[in-house]
Amino acid sequence: MNFRTVRNRKVNPVNYTAKIIQKNHFVETHIGTDSQRAGSNINYVTAIAYRYPMNGVHYIYCKEIFPPIKDDWSRLWLETERSMQLAELLSSNLPGIRFEIDMDYNDDKYYMSNKLVSAARGWAQSYGYKVNIKPNKQIATRAADYHCR
């Protein structure tokens with residue numbers, strides 16, 4: 001995954017995150033992925049958001065274009081796979097790092113993404129990660145959503 005700042009500067013997500021945490025021990029780190037159909041392709045954006053209590057948020061992101069995926073289940077599940085891939089990268093390179101995974105799925109049975117909540121949350125929690133599902137806080141997925149369009 002090739003990450004960039006909002007000013008389009010390439011950054012290494014592990015080194016960048018390490019520097020942020022080193023400078024501010026109270027920062028909350030969130031990981032999240034969102035996807036959008038764009039013509040015949042699908043845009044996937046994975047973001048790492050750094051929330052400074054009482055002082056805002058900034059983030060880095062990786063945007064990639066994938067060929068069409070016909071069913072929504074597979075498209076949405078790839079969001080979980082990409083977030084988990086990044087979570088494992090950070091965990092293996094930054095021992096002891098604490099972060100939350102924001103999943104762009106909804107607990108409300110009205111939404112199709114509800115069918116993935118149990119499996120996705122279970123997978124992430126089995127690794128010890130804290131998971132946020134809609135309507136709860138969605139910091140990284142909001143940043144990802146912004147860049148999906």
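Because the structure is a prediction, the values reported are computed rather than measured.
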More than 12 heavy atoms of other groups within 6.0 Å of F66 CZ: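 Count over threshold, so yes.
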
Residues, nucleotides or ligands: over 12 heavy atoms within 6.0 Å of R75 CZ: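 Counting other residues, nucleotides and ligands, CZ of R75 exceeds 12 neighbours.
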
Pair Y16-T5, side-chain donor/acceptor within less than 3.5 Å: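 Side-chain D/A pair, Y16 to T5: absent.
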
Full working for side chain to side chain contact (heavy atoms under 4.5 Å, CB included) between K130 and R98: CA-CA 9 Å; K130 183 176 188 304; R98 291 187 328 245; over 6 Å; no

Taking the side chain as C-beta and beyond, is there a heavy-atom pair between [X] and [Y] under 4.5 Å?
X	Y	answer
I20	Y52	yes
L116	M103	no
I65	I42	no
S35	L78	no
K134	D104	yes
C62	V45	no
N2	K10	no

If every non-hydrogen atom of [X] is compared with every non-hydrogen atom of [Y], which pair is closest and at what distance?
X	Y	answer
R82	M1	O-CE, 3.5 Å
P68	S40	CG-O, 2.8 Å
A49	Y59	CA-CB, 3.8 Å
A124	I101	CB-CD1, 4.2 Å
P13	F3	CG-CD1, 3.6 Å
N106	D108	OD1-N, 2.9 Å

Contact list for residues 19-39, test salt bridge (Lys or Arg N to Asp or Glu O under 4.0 Å), sequence neighbours left out: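 As it turns out, the salt bridge (Lys or Arg N to Asp or Glu O under 4.0 Å) pairs with a partner in residues 19-39, which skip direct neighbours, are E28-R51, E28-K137, R37-D72.
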
side-chain hydrogen bond (donor to acceptor under 3.5 Å, both in side chains) contacts touching residues 116-125 (sequence neighbours left out):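 Listed by first then second residue: D107-R121.
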
I need the [X] [atom1] to [Y] [atom2] distance, nearest 0.5 Å.
X	Y	atom1	atom2	result
K63	N43	NZ	CG	4.5 Å
E79	T141	CD	OG1	9.0 Å
N93	N12	CG	CG	8.0 Å
I31	L86	CD1	CG	4.5 Å
Q36	N41	CD	CG	13.5 Å
T17	I48	OG1	CD1	4.0 Å

Do [X] and [Y] sit in one hydrophobic cluster, given that two such residues count as connected whenever their side-chain heavy atoms are within less than 4.5 Å of each other, even indirectly?
X	Y	answer
F99	I60	yes
W73	I133	yes
V131	L90	yes

Full working for side chain to side chain contact (heavy atoms under 4.5 Å, CB included) between H58 and V6: CA-CA 9 Å; H58 90 271; V6 293; over 6 Å; no

Sole residue of D145, T46, T80, D102 in side-chain hydrogen bond (donor to acceptor under 3.5 Å, both in side chains) with T33: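 Of D145, T46, T80, D102, side-chain hydrogen bond (donor to acceptor under 3.5 Å, both in side chains) with T33 is met by T46 alone.
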
Side chain to side chain contact (heavy atoms under 4.5 Å, CB included) assessment of I139 paired with E100: CA-CA 10 Å; I139 297 169; E100 300 176 23; over 6 Å; no

Flag, side chain of S92 to backbone of L89, donor-acceptor distance under 3.5 Å: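 At least one qualifying donor-acceptor pair exists.
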
Candidate pair Y127 and M84, rule side chain to side chain contact (heavy atoms under 4.5 Å, CB included), full reasoning: CA-CA 9 Å; Y127 281 83; M84 288 297 292; 3.6 Å; yes

Ring geometry between H147 and Y61 (parallel below 30°, tilted from 30 to 60°, perpendicular above 60°):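 Because their plane-to-plane angle is under 30°, the rings of Y61 and H147 count as parallel.
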
Residues that Y105 engages under ring pair (Phe, Tyr, Trp, His ring centres under 6.0 Å), provided they are two or more places apart: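 Scan of Y105 (ring pair (Phe, Tyr, Trp, His ring centres under 6.0 Å), adjacent residues dropped) gives none.
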
